[in-house]
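The next block holds one structure in the form of structure tokens; read it before the comments.
Being a predicted model, the structure only gives us computed values, none of them experimental.
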Amino acid sequence: DVSSYDTIVLGSGPATLYTASLLSRSGRKVLVLCPGNDASGCLTFEQCKKPDLESKYRSVPFDVDASNVARINRQEQMMACALCTSTDYQGGIRFAQIGTDEDGHAFEILAVPGMGTDGLSTEPIPFVLRADTGTMGLMDDAATCLGDGWPGTGDDIGNSLSGAYLQACAGMNASAGDFFLSKVLSDKVNDMRSRSTYQESAIRYVSQFLDKCFPLNAHLRSLFAAIGMKEENINPSNTSMGPHVTNVCSSLSGEGMYYPIGGPRALCNGFVSVIKQCGGKVLTGVPVHELIFDEAKVAVSTEVKKEGEDPETPAPRCIGVQLSNEKRFQFSDEKLNDRKTEAVVLSMEGFIQTFIRQMPDSIRTAHKVPRGLPALREQRPVIKILFGLEGSAADLDITGADFYRLPGASLAFDEVDPTTGQPRLGEVGSMISEPQEAGDKDQVVALEKEDPTDIETKPATKSKKSKRTKFETGVSWMKISFPSAKDPTFPARHGDNMTTCVVTIEADDDFTMFFDTKPKIYSIFKDRAGDSGNRQRLLDRVQKDLLTVYPQLQGKIEHAEIRGPFYRGLSHNPERYAAKGVRADTPYPGLYVGGSDLTVGDSFSGSIVGGWLAANAIIGYSPIDLLYLRKNISSDLAEYIPPPLEVEDDLAVPYSPVTSDESTFPQEDDTEQE
């Protein structure tokens with residue numbers, strides 16, 4: 001029975017539940033529908049046949065999302081109004097810094113083909129990002145290993161080109177907040193505002209900046225291409241400068257990266273508690289098949305139009321969702337007719353998922369999609385490989401630093417023009433196996449003016465020269481993460497003789513197909529995704545790579561499973577940041593979109609900000625509120641929620657050790673399964 005709810009939120013993970021918590025505390029009755037069996041988005045082993053291993057890894061979470069938190073002070077301030085209890089500002093949630101004093105709190109290891117070597121080496125030299133050394137440490141490393149100029153003393157960048165580039169990025173990123181706020185302001189208001197530096201940079205390609213700033217040092221171009229775009233395998237010639245500067249500033253802020261103590265389950269447990277206290281509910285295992293629209297009222301409104309009026313049919317209102325089992329969650333007439341509180345569906349699953357896969361074809365064809373969406377591109381889906389390792393992180397000599405192999409930032413081959421003697425710059429990331437069209441500046445400029453809404457869903461004919469994308473050992477994009485090594489309470493919760501490892505790779509053409517349509521999207525082969533032969537061959541190649549990077553894991557792998565493929569959000573090209581339709585509200589009344597598609601994808605901070613923007617759009621703050629009075633959902637909640645007593649007795653993650661068989665966050669108590 002959903003008759004009492006006025007808000008349905010689709011998605012899972014911290015950002016989804018954070019947004020639902022904000023809306024719950026603002027007075028809404030929220031129903032959260034999570035597609036997976038864990039509201040936090042974590043996965044668990046499903047095919048562990050050996051009884052001893054099945055018992056050992058039962059309910060052990062594998063964090064498969066980007067839960068590293070940058071700019072921790074700012075993020076804690078944003079989450080406080082959604083977590084605050086009567087005794088604690090953070091609802092008992094705490095964060096631990098990734099890394100140790102010994103390694104300088106290293107949080108990322110970047111392996112870029114060719115960088116720091118004399119050529120395009122198949123075994124790149126890793127470049128480590130550390131919190132303790134910050135910007136000055138990076139400048140020193142760039143001077144020592146990559147031929148950059150030496151920095152001065154103190155805050156003086158001296159002859160360091162890296163330091164100058166970082167200062168420029170910080171200047172551009174300073175106005176990022178103004179740009180993202182435009183996602184909840186009307187076009188008329190945005191047209192009256194001056195364009196921010198961040199907005200100007202977001203519609204330009206990274207390669208243009210790198211080539212001008214580092215014309216004589218290809219290694220520095222590769223370094224900053226890697227720091228600026230790690231989570232998507234895309235080269236600088238196709239990447240927007242906006243997310244690039246945001247990622248660079250986050251990685252080199254000096255704060256490092258933090259991780260929720262207890263993992264994302266602990267953080268989500270805090271949000272779920274608030275949602276339930278406010279009368280809401282969180283359901284898991286309820287994948288949404290289709291959005292429901294009220295077409296009857298549209299037909300009536302069209303019939304009563306007078307002669308000479310605008311013939312365009314108004315878009316129908318979104319009134320609920322239909323699940324994969326054909327069950328319908330639809331708002332009651334009372335909620336739909338309530339003029340004070342608009343009944344809404346908020347999708348935190350991205351624009352492609354919402355408007356291409358969940359919107360009925362008849363609705364989309366008749367009423368189109370948000371402006372600019374047909375010109376955009378979806379990221380390639382990814383596959384997650386879960387490894388259960390014998391031994392603690394200390395026993396295995398691993399830390400919480402994430403390892404990335406980044407062919408999209410591979411070293412460019414610069415040449416000298418024999419006629420003029422001038423350098424001819426090569427292309428950074430030219431070794432990406434999947435062909436990518438070079439960015440077109442004119443197309444981005446045209447998109448800002450035209451903002452097309454017509455889509456094309458028929459697959460285009462593939463070029464005969466197109467190369468099949470396959471995972472290549474030692475070459476393809478890959479991320480290796482050890483979530484349990486980031487959480488200091490993991491041994492107390494699950495025992496000190498195990499470590500969780502998650503390897504993320506792009507899904508190759510055995511599992512997915514690219515469609516050169518409008519927008520450009522991918523389709524997952526569900527029959528091939530379950531093919532045991534394909535999966536085992538892929539697992540063998542990935543495991544070989546894992547043991548090459550971390551040879552100390554030889555003989556320590558107890559169990560491994562392949563999960564996915566999983567769809568991702570919009571690609572980080574300039575078209576995405578030029579499209580005016582990429583905003584929280586949509587052309588369809590009652591339907592909103594939030595999450596990282598509004599900001600920077602595959603980022604904890606970006607998804608939290610994207611959820612905050614959607615919550616403000618739903619509440620309906622005016623431009624005067626947001627721009628002049630600085631009034632928003634956070635400021636209102638901070639005013640009306642009484643301050644806590646500063647007692648730390650209700651910590652969601654207790655500091656005192658618990659026995660390994662205790663379940664501090666029982667899923668069945670916090671969420672209800674359909």
Side-chain angles (χ1 to χ4, degrees), residues 6-7 9 15 18-30 71-85 89-91 171-200 202 242 246 271 274 278 338-344 346 348 577 580-586 589-600 605-644:
D6 53 36
T7 306
V9 181
Y18 161 77
T19 309
S21 180
L22 285 180
L23 294 172
S24 296
R25 283 194 157 166
S26 69
R28 286 183 164 267
K29 195 79 171 292
V30 180
R71 310 269 190 181
I72 183 63
N73 293 330
R74 186 179 304 173
Q75 291 302 309
E76 284 186 325
Q77 291 174 4
M78 289 198 68
M79 290 186 286
C81 54
L83 286 171
C84 181
T85 66
Y89 273 111
Q90 294 295 322
M172 287 183 276
N173 195 56
S175 58
D178 290 337
F179 171 71
F180 292 131
L181 191 61
S182 69
K183 304 293 184 179
V184 296
L185 301 174
S186 67
D187 287 343
K188 291 183 179 179
V189 173
N190 285 327
D191 289 341
M192 291 187 292
R193 302 174 71 206
S194 58
R195 293 164 65 99
S196 66
T197 306
Y198 187 90
Q199 183 177 2
E200 291 287 354
T246 296
F271 292 133
V274 172
C278 296
D338 188 344
R339 296 185 178 182
K340 184 178 179 181
T341 302
E342 178 190 19
V344 301
L346 168 60
M348 297 290 288
Y577 295 91
K580 294 182 179 179
V582 179
R583 49 185 294 115
D585 59 344
T586 74
L591 178 62
Y592 291 80
V593 178
S596 59
D597 267 1
L598 295 179
T599 53
V600 178
S605 303
S607 60
I608 290 291
V609 172
W612 183 86
L613 291 171
N616 279 277
I618 291 172
I619 298 302
Y621 289 97
S622 70
I624 294 179
D625 290 333
L626 296 170
L627 296 175
Y628 299 106
L629 301 180
R630 302 297 178 184
K631 178 182 173 65
N632 52 57
I633 192 169
S634 297
S635 64
D636 278 355
L637 290 178
E639 181 178 352
Y640 292 106
I641 295 178

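Residues Asn190 and Lys580 form no side-chain contact, since every pair of their non-hydrogen atoms from C-beta on lies 4.5 Å or further apart. The side-chain heavy atoms of Asp338 and Asp6, taken from C-beta on, include no pair separated by under 4.5 Å. Residues Leu346 and Val30 fail the side-chain proximity criterion, which asks for heavy atoms closer than 4.5 Å.
Across Gln90 and Ala80, no two heavy atoms sit closer than the pair NE2-CB, 3.7 Å. Contact record, Ile633 with Ser26: CD1-CB, 4.3 Å, taken as the closest heavy-atom pair. Between Val184 and Ala584, the closest heavy-atom pair is CG1-CB, 4.0 Å. Closest approach of Gln199 to Arg195, counting heavy atoms only: OE1-CA, 3.7 Å. Minimum interatomic distance between Ala614 and Val593 (heavy atoms only, all atoms of both residues): CB-O, 4.0 Å. When all heavy atoms of Trp612 and Thr19 are compared, the closest pair comes out as N-OG1, 4.5 Å.
Within 6.0 Å of CZ on Arg74 lie no more than 12 heavy atoms contributed by other residues, nucleotides or ligands.
Distance check, rounded to the nearest 0.5 Å: CG of Asn632 to OH of Tyr621 gives 6.5 Å. Taking OG of Ser196 as the start and CE of Met172 as the end, the distance is 11.5 Å to the nearest 0.5 Å. Interatomic distance, OG1 of Thr586 versus CG of Leu591, reported as 4.0 Å (0.5 Å rounding). The CD atom of Glu342 sits 7.0 Å away from atom CZ of Arg28, with the distance rounded to the nearest 0.5 Å. To the nearest 0.5 Å, atoms CD1 (Ile619) and CG (Leu637) are separated by 8.5 Å. If you take OG on Ser182 and CG on Leu185, they are separated by 6.5 Å, rounding to the nearest 0.5 Å.
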Thr341 and Thr7: side-chain contact (heavy atoms from CB on, under 4.5 Å), yes or no, with the steps? CA-CA 10 Å; Thr341 302; Thr7 306; 5.9 Å; no
Please report the C-alpha distance between Ser634 and Met78 in whole Å, then the side-chain angles of each, then the deciding distance to 0.1 Å, and finally whether the side-chain contact (heavy atoms from CB on, under 4.5 Å) criterion is met. CA-CA 7 Å; Ser634 297; Met78 289 198 68; 5.7 Å; no
As a quick check of understanding, evaluate side-chain contact (heavy atoms from CB on, under 4.5 Å) for Thr599 and Thr246, giving each step before the final call. CA-CA 10 Å; Thr599 53; Thr246 296; over 6 Å; no
Could you walk me through whether Leu83 and Phe271 pass the side-chain contact (heavy atoms from CB on, under 4.5 Å) test, one step at a time? CA-CA 6 Å; Leu83 286 171; Phe271 292 133; 3.5 Å; yes
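Residue pairs meeting the salt bridge (Lys or Arg N to Asp or Glu O under 4.0 Å) criterion with at least one member in residues 178-189, sequence neighbours excluded: Asp187-Arg371.
Side-chain atoms of Arg25 do not come within 3.5 Å of backbone N or O of Val274 as any donor-acceptor pair.
Qualifying ring pair (Phe, Tyr, Trp, His ring centres under 6.0 Å) partners for Phe180, counting only residues two or more places apart in sequence or in other chains: Tyr198.
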